[in-house]
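Structure first, then comments.
Below, all heavy atoms of this structure are taken into account, side chains as well, without hydrogens, waters or symmetry copies. These numbers were taken from a predicted model, which means no experiment stands behind them. Read the numbers this way: they start at 1 and go in the same order the structure lists the ligands and their atoms.
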Amino acid sequence: MKLSVLSAAAFTAAVFAIAPTAPSAARPVVCAECVKANMELLAGDALRGRGCGTEDEHAAARYIADALKASKIGAAFRPDVYLQPVELLTPTAARPATLEIASGATSLSFIQGRDILAMEPPESLAAPIVRVADAHPAPEAVKGKVVIYDSAVFDQPGIQALLRAGAAAVISPVSDQITQHWSELAARPPGQTEVSGVPSASRPARGAIIFAKPETMAALRAVSEGEARLAAPRGEPRRRTTYNVMGVLHGKAADADRHALLLTAHYDHLGVRSGVIFHGANDDASGTAAVLEFARILGSGARHRRTVYFGLFGCEEEGELGAQYVQAHLPMAIGDLMANLEFEMIGVDDAKHPGALMLTGWERTTLGPALQAHGARVGPDAYPEQHFFQRSDNYQLALRGVIAQTVSAAPLPATYHAPTDDLAHVDLAFMDAVISSMVGPVTWLLDSDFQPEWLPGQKP
Ligand SMILES: [Zn+2]
């Protein structure tokens with residue numbers, strides 16, 4: 001799961017209803033040893049946290065391709081070609097960004113990572129400053145200015161409102177979540193990675209967001225007018241290659257390929273940082289192991305009516321980069337996808353909905369309730385304020401009309417993006433149980449005529 005810097009840290013309670021489990025027909029059983037072996041390999045020391053674009057990530061991709069082949073899943077791209085290379089070009093910082101404030105006799109200087117976090121800062125910016133305590137001043141008061149948003153707490157809607165009003169940049173207090181992930185965010189490149197072969201999204205020009213540590217905010221309270229200069233010089237861009245892996249099991253119906261199900265997960269994680277391996281056992285070795293287990297089960301049984309693809313994508317953690325590429329270079333026509341189910345972080349049970357999974361965008365389509373009615377231990381997204389529907393690989397496909405939703409257990413456990421996200425903190429028995437509960441519903445979907453649909457007004 002990609003870290004969002006603009007999500008409220010406070011979670012609200014959500015109603016989470018699990019339907020009684022439908023009587024289960026005889027169905028293939030999850031192989032606990034297979035799931036465990038895949039988890040041990042993917043989240044083990046040897047693959048060093050599968051960092052985006054590293055040889056470790058590439059080794060994971062080859063392992064996944066071999067596993068699909070061993071499960072009698074064909075290659076999706078070309079005969080025997082399971083891997084899809086993706087070339088990446090990432091901007092780098094020549095030196096940490098600086099923010100200088102000149103106000104009368106006062107001059108303040110702040111450094112990226114030490115005092116501030118400028119998110120994707122422009123290379124340079126100079127503008128008058130204005131300090132506001134409320135997020136809805138007259139637009140002319142903030143337009144083109146660097147706005148010091150002196151709110152008592154982190155206020156995401158307020159920041160967005162100021163940016164919409166035309167602020168060149170908004171300096172804001174941090175949230176607890178940002179504080180917790182400060183060094184990860186400070187290490188981020190100063191701009192979006194370009195995925196070669198994917199037209200860069202023409203994002204509307206928007207002001208920069210600069211998070212300020214409490215000490216920085218305190219210093220800024222001495223300032224009410226003057227000028228701000230932000231400098232974020234770029235170095236040579238960094239070139240890397242990631243790989244998507246995709247296999248296919250064609251259905252037996254004449255029109256099997258026209259109603260295909262796509263099961264996906266991302267197999268990359270954060271790699272090694274300051275000598276520490278971030279194993280990413282829950283995020284997202286667990287989802288990858290789930291998709292591989294579906295491949296093993298579906299590849300070993302009788303053929304189904306509909307076609308099913310198994311996609312494992314690279315470099316999700318740096319902005320869904322692998323998914324961006326594969327979605328622009330799909331091995332099938334996009335209109336032939338009946339649905340995409342993404343498996344993201346299913347290795348840690350959540351107190352809000354114990355023993356079960358949640359489906360992001362539950363209220364948007366007819367898919368979740370249908371899976372639940374067929375026995376899946378899955379229910380609504382228990383964290384709607386986190387906007388998880390928009391935060392994983394499924395979203396780009398959803399934007400193009402495909403019913404694409406993410407299945408998750410605890411989307412933000414204590415181990416989230418921490419070195420403790422390792423095998424010792426994953427509940428394999430829970431994983432086996434929830435994967436097992438999905439086998440029947442997925443098999444039903446592959447053998448049925450059911451066509452999931454967007455509910456009125458719910459298509460993103
Ligand atoms: Zn993640």
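- We find that Glu318 and Arg240 are joined by a salt bridge, their nearest charged nitrogen and carboxylate oxygen being less than 4.0 Å apart.
- Taking the six-membered ring for Trp, Trp444 and Phe450 have ring centres closer than 6.0 Å.
- Comment: Arg296 engages Glu293 in a salt bridge, judged by a side-chain N to carboxylate O separation of less than 4.0 angstrom.
- Contact annotation: His417 places an N, O or S atom under 2.8 Å from the Zn ion (ligand 1).
- Nearest N, O or S atom of Asp283 to the Zn ion (ligand 1): atom OD2.
- Contact of the Met358 side chain with the Phe388 side chain is registered, since non-hydrogen atoms from C-beta on lie closer than 4.5 Å.
- Among the atoms of Glu317, an N, O or S atom is found under 2.8 Å from the Zn ion (ligand 1).
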